[in-house]
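This one's a predicted model, so the numbers in the text were calculated from it and none came from an experiment.
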There are 2 protein chains.
Amino acid sequence: VLRLEEVHKSYPLEQEEFWALKGVSFDLHEGEMVSLMGPSGSGKTTLMNIIGLLDRPTEGRYQLRGQDVSRLSESARAAVRNRMVGFVFQAFHLLPRLSVLENVEVPLTYAGVPGRERRSRAAERLEKVGLGDKLGHRPTQLSGGQQQRVAVARALALNPALLLADEPTGNLDTRTGAEILDLFEELNNEGVTVMIVTHESAVSERTRRIIRLRDGVLDSHAREVA
Amino acid sequence: VLRLEEVHKSYPLEQEEFWALKGVSFDLHEGEMVSLMGPSGSGKTTLMNIIGLLDRPTEGRYQLRGQDVSRLSESARAAVRNRMVGFVFQAFHLLPRLSVLENVEVPLTYAGVPGRERRSRAAERLEKVGLGDKLGHRPTQLSGGQQQRVAVARALALNPALLLADEPTGNLDTRTGAEILDLFEELNNEGVTVMIVTHESAVSERTRRIIRLRDGVLDSHAREVA
Ligand SMILES: Nc1ncnc2c1ncn2[C@@H]1O[C@H](COP(=O)(O)OP(=O)(O)OP(=O)(O)O)[C@@H](O)[C@H]1O
Ligand SMILES: Nc1ncnc2c1ncn2[C@@H]1O[C@H](COP(=O)(O)OP(=O)(O)OP(=O)(O)O)[C@@H](O)[C@H]1O
Ligand SMILES: [Mg+2]
Ligand SMILES: [Mg+2]
């Protein structure tokens, strides 16, 4: 479903560029569920942002379902992304002035889903992550792990074809984290392609393939196909 | 070093109060290193905020080194806290417009430490968490785990007597997380009292005692003294 070829990404800094990705190439197949692991600072979020069309490669090519998306404009990328991608951000990025329910409704609103259906779909996602009793709360009235779960619910709102989750269980106890993984597996069984950044073996052991990054390049001999 | 007696905490909600803590009592001894575990939403951050004098109990008593601090004013609490407590927040709370180095300097500035010493102490803390090469960066130019480590460095800036860390390794790969734990152990060996909220056994296995919370009360039969 997606192919990266020699993807590089640099960030401009005051005196020099910092190369966060230095030539990453791999394929992801439709319906796969993979983990992305690697040390802090190795480039995982940077790579996920490119795959999720939140950012563009500095060099190299990215094809999504056969379409070269490497050099699309911001609005063109947004159109593809809103249709196809659900993203659970490492920093959640919830809107503080909206309720939990309204936060999950946002992607549905953009997609033109009518009010009543939007509310019921959002409420159903939130129940799936165990937050059915917090619908009216503001994000600041929730625990860290509850905010993380709202971010998961929002990523699932539009039934994405590609689910990208950046450390989705980092703030969750083992059991709640396992419930989120159950949910991801359920979606994967329905055909959703899933990529999870994680540092927890409890998560990576539940995926079929582990892609490892180190200092902006793939650690290819560490790649395991379970 | 600290004693909680029947501590309760409620948050006001639109129609009713929500009791996040419903009668928590325990002692922490000078120089102990303990884990605080429990399901997402069970009240761990709420409890840590009270212990760290960022918040007050709604009912019950909290004594810190023999002094009843349960009903102190905000400024009195701040005075004790700035002197004694280092806090690693679950959401980091870094100041986005200051550099990494300046962020770690903040507590030193409040304590009146002169400029040159402040900078060198802050730089030394950042080197200890592996970020010596990122001193001039803004927090938004760092990875999630790097931001987490800046929060750790800042908590250590003033050589606190009590170190409270809320999920300090949630965004760190196993090895970097272990390095942060080494640092905490080193401080504990020097006499610092340490309390760590965690959901990872790799962390809790390195502490001598695990305090478990469930729905705002202690799960006392689950208390292990290793
Ligand atoms: N400002 C608030 N207003 C209302 N309810 C709140 C507020 N802050 C927290 N809560 C609720 O209090 C309970 C405990 O929250 P707390 O943040 O202490 O949990 P936690 O154990 O740290 O969870 P996590 O492991 O997910 O971080 C949760 O149910 C949460 O929704
Ligand atoms: N806007 C930016 N400007 C400069 N450097 C950046 C920027 N964003 C990220 N970086 C750097 O790029 C590198 C990779 O960052 P990235 O966030 O992709 O890492 P990561 O693997 O997700 O780490 P973590 O596991 O800690 O979340 C890091 O060294 C980081 O400091
Ligand atoms: Mg990251
Ligand atoms: Mg918490």
Residue Phe18(B) versus chain A: region with a heavy atom under 4.5 Å: side chain
Heavy atoms from other residues, nucleotides or ligands near CG of Asp182(A) exceed 12 (cutoff 6.0 Å): yes
Contacting moiety of Thr169(B), where chain A heavy atoms sit under 4.5 Å: backbone
Neighbour count above 12 (heavy atom, 6.0 Å) for Glu74(B) CD: no
Leading residue by heavy atom contact count with chain A [cutoff under 4.5 Å; candidates Arg149(B), Met37(B), Gln141(B), Glu14(B)]: Arg149(B)
Engaged part of Gln148(B) at the chain A interface, taking heavy atoms whose separation is under 4.5 Å: neither
Expected output: side-chain Asp173(A) to main-chain His199(B) donor-acceptor under 3.5 Å: no
Leu13(A) portion near chain B, given a 4.5 angstrom heavy-atom threshold: side chain
Contact leader toward chain B among Thr45(A), Thr174(A), Asn171(A), Thr176(A), where contacts are heavy-atom pairs under 4.5 Å: Asn171(A)
Reported CD-to-CD distance for the pair Gln90(A) and Gln147(B), which is rounded to 0.5 angstrom: 8.0 Å
Part of Lys134(B) within contact of chain A (heavy atom distance under 4.5 Å): side chain
Interchain contact, Ser40(A) with chain B, by part (heavy-atom threshold 4.5 Å): both
Within 6.0 angstrom of Arg71(B) CZ, more than 12 heavy atoms from elsewhere: yes
Heavy atoms from other residues, nucleotides or ligands near CG of Asn82(B) exceed 12 (cutoff 6.0 Å): yes
Residue part contacting chain A, namely of Glu200(B), when any heavy atom lies under 4.5 Å: side chain
Region of Gln146(A) in contact with chain B, defined by heavy-atom distances below 4.5 Å: both
